[in-house]
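The next block holds one structure in the form of structure tokens; read it before the comments.
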There are 2 protein chains.
Amino acid sequence: MPGINEVALLAGVSTATVSRALSGNGHVSDSTKSRVKAAAYELGYVVSSNASSLATGRTKNIGVVIPFLNRWFFSSVVEGAEHALLRNGYDLTLYNLGGSGDERRSVFEHFLLRKRVDAVIAISLELTASEVGSLLDLNKPIVGVGGPLPGLQTLSIDDVQVARVATEHLLALGHRAIAHIGGNDEVEMDFHLPTNRRVGYEAALREGGVAIDPALFAEADFTLQGGYRAATHLLRDPAARPTAVFAASDEMAIGTILAARDLGLSVPGDLSVIGVDDHELAEFFGLSTVAQYPAEQGRRAVEILMGQLHPARRTPAENIPLRFDLIERTSTAAPRTVGVD
Amino acid sequence: MPGINEVALLAGVSTATVSRALSGNGHVSDSTKSRVKAAAYELGYVVSSNASSLATGRTKNIGVVIPFLNRWFFSSVVEGAEHALLRNGYDLTLYNLGGSGDERRSVFEHFLLRKRVDAVIAISLELTASEVGSLLDLNKPIVGVGGPLPGLQTLSIDDVQVARVATEHLLALGHRAIAHIGGNDEVEMDFHLPTNRRVGYEAALREGGVAIDPALFAEADFTLQGGYRAATHLLRDPAARPTAVFAASDEMAIGTILAARDLGLSVPGDLSVIGVDDHELAEFFGLSTVAQYPAEQGRRAVEILMGQLHPARRTPAENIPLRFDLIERTSTAAPRTVGVD
DNA sequence: TTGAAAGCGCTAACAA
DNA sequence: TTGTTAGCGCTTTCAA
């Protein structure tokens, strides 16, 4: 493991010049710069990030705090962030808060505070005021992804609007009896997300002149199983059966499709189903959905942080709202018998 | 951000004593130790990992190198490793090799070498000799998970045996026409895994006195869609239809179940299906499977590394082979008409 | 059991 | 453009 001294020796310059030549900070003549680089390459020299961090106060490392890794949305955001960080020469250190409360405390009290990271990306976390406080105390840039974090800059899709688009799609097809499968209070991993999607759903109905029927709402936990169960409940009674379901996630929507099948209902013949996400399985099931782009969200979070860490590199487009797109596949169609009002 | 000096001042001792009291290295009287701890707590002092690493040469950080994050197996291994590391006071830095070749090279040439990690966990990676070489040059403990890495200590289930167990389960139920959906050559994310599972499948058949029929083998890419397609192909011809399918992953097995349904076949009435993994969706689909435990594999990898990094802490049980268990659910049963031989 | 002091490997003033 | 030098904050001999 050669050090900066050896490179300096081989190149016939001082360590300061090596540092400057390799980091690009400060002026070095082209000739010495290439001599230094050649020497570094020959020796296989790589800076010690610790020594460098200690001297500069910058770590070139970003902390990502996350409640689960195991779900499509989260791992996709992390992947997107990873790639973007790599391109910028940064490492990504992962802090999974999914464990016990102790683990969570320990992350906040010790790990994040070790000065190991230059900035933090918090994904879909419901943080307590004191947790946000300790993050802010670090005096490091923080950006949230996937939910409003009080007092922090956050990247998230407009859930009300997303739900509205989905519901309006069903309305436009002629549906009137539109059920909604949304989050239960216990699953608050995405803050007010369930609530917001329900709000958008109800707003669209109201504007479409359709009365809101509480019997057409069911709670689930954002999983396929949960969606299946909720849908089974919703669809059981042929007399009170909706002609369409808007599920707040694709996994629940897929559960709904499977439940419909098991009840002998055809999709979209007897039942239209739409979800949110464009989950990796959505296409396979022909699921119409409102796509969101988690990998892109991860990338965007990184861009924002880079802008704050390196004002020079700042990316121009910083306030594009997060995209989402209606994707029509084969799970939605006009209801079999269009009502005549 | 208080430093060690301030703690020393407040506790009325030297910085050396603070370091000793807080790290547990060296002897400090109980009274001063508690005084120091109180002072540290009062000031909210946390060591600077950089300064500490620079002085000790240890980073308390482990690098995890992985080809995808987006799949159940990988994210589960990472989660398991994360929790175990957290308990040991270590951070986890993630290196995703899924991108382009450039990204891959850059990870190996720069990132891992920055002396930022004390050890490396390589998950399901097919590494080139030169990549393994550069890892070994680091002179840091490395352990692989999920596939044999030439020259490295590796944790992986016995894929031949896993496949044998699955196939024997079907044989024991009375099946003779047993198809296999395995990996294609292009999907080598898990090395010889597809091959090994096929080997176990064929060995079990042979021992069961069943001839191997190449027409009963289909390739797929380990995804649900791929399994669906392969199964559709396998099941299309009623005359040549197998009574059971062993898929090399649960996702492909679920695809098979869905394909069977779409062809009007009942599972397990007309077709038994078994997979490998115990994927999160397996239970929902009533899928019989050979479970493996990726989170535990991640944890085990961490234990091994901790054993090498801290010989004192060494966990006794180091060579338990990785567990796998046959889980019988409702996707497997005796074939409808048992042959009379 | 404790303290003084010399680094760990690098960067950034400052001076030349 | 380059070199000298003083740290960055901590750990760890060595001595007391």
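Only heavy atoms go into these numbers, but all of them, side chains included; no hydrogens, no water, no symmetry mates. Throughout, protein chains are lettered first and strands after them, A, B, ... in sequence-line order, and every chain is numbered starting at 1. Everything quoted here is computed from the prediction, not taken from an experiment.
- Using a 4.0 Å heavy-atom distance criterion, A:Thr32 is classed as a sugar-phosphate-only contact.
- Applying the salt bridge (Lys or Arg N to Asp or Glu O under 4.0 Å) rule to pairs touching residues 76-93 of chain A yields A:Asp91-B:Arg114, A:Asp91-B:Arg116, sequence neighbours excluded.
- A:His27 places its NE2 atom 14 Å from the P atom of C:dA13, with the value rounded to the nearest Å.
- Phosphate contact (OP1/OP2 of C:dA13, side-chain N/O of A:Arg20, threshold under 4.0 Å): absent.
- In this structure, the CG atom of B:Asn25 is 16 Å from the C1' atom of C:dT2, given to the nearest Å.
- Protein chain A contacts DNA chain D from D:dT1 to D:dG9, reading 5' to 3' and using non-hydrogen atoms of the protein with a distance under 4.0 Å.
- The nearest heavy atom of DNA chain C to B:Lys33 and to A:Thr17 marks one nucleotide each, and the one closer to the 5' end goes with B:Lys33.
- Atom CZ of A:Phe74 and atom CG of A:Leu125 lie 8.0 Å apart (nearest 0.5 Å).
- For the pair A:Ile62 and A:Val302, the minimum side-chain heavy-atom distance is 4.5 Å or more.
- The separation between A:Asn50 atom CG and C:dG9 atom P is 11 Å, rounded to whole Å.
- For B:Leu54 and C:dA6, the CG to C1' distance is 13 Å, given to the nearest whole Å.
- With a 4.5 Å cut-off on side-chain heavy atoms, A:Asn5 and A:Val18 do not count as touching.
- Within the 4.0 angstrom heavy-atom criterion, no nucleotide atom of any strand lies near A:Val18.
- Map A:Val28 and A:Thr15 each onto its nearest nucleotide of DNA chain D; the residue landing nearer the 5' end is A:Val28.
- Using five terminal pairs a side, the axes of the helix from C:dT1-D:dA16 to C:dA16-D:dT1 at its two ends make an angle of 30°, given in steps of 10 degrees.
- The residues A:Glu296 and A:Arg300 are annotated as not salt-bridged, no charged nitrogen and carboxylate oxygen being separated by less than 4.0 angstrom.
- Between C:dG3 and B:Ser14, a contact under 4.0 Å exists linking OP1 or OP2 to a side-chain N or O.
- Between B:Leu22 atom CG and C:dT2 atom P the separation is 14 Å, expressed in whole Å.
- Taking atom CG of B:Asn5 as the reference point, atom P of C:dA5 lies 14 Å away to the nearest angstrom.
- Using modelled atom types and a 3.5 Å distance limit, the side chains of B:Asp118 and B:Thr59 yield a donor-acceptor pair.
- Listed here is the closest heavy atom pair of A:Val7 and A:Val36: CG1-O, 4.1 Å.
- A straight line from CG of A:Leu9 to P of C:dG9 spans 15 Å, rounded to a whole angstrom.
- Position along DNA chain C of the nearest nucleotide to B:Ser31 versus B:Ala55 favours B:Ser31 as the more 5'-ward residue.
- One atom, CG of A:Leu43, and another, P of C:dG9, lie 15 Å apart when rounded to the nearest Å.
- A:Leu10 CG to A:Tyr41 OH: the interatomic distance, rounded to the nearest 0.5 Å, is 14.0 Å.
- For the 3.5 Å distance criterion, the side chains of A:Ser14 and A:Thr17 qualify, holding a donor opposite an acceptor.
- Using cut-offs of 30° and 60° on the angle between ring planes, the pair A:Tyr90 and A:His310 is perpendicular.
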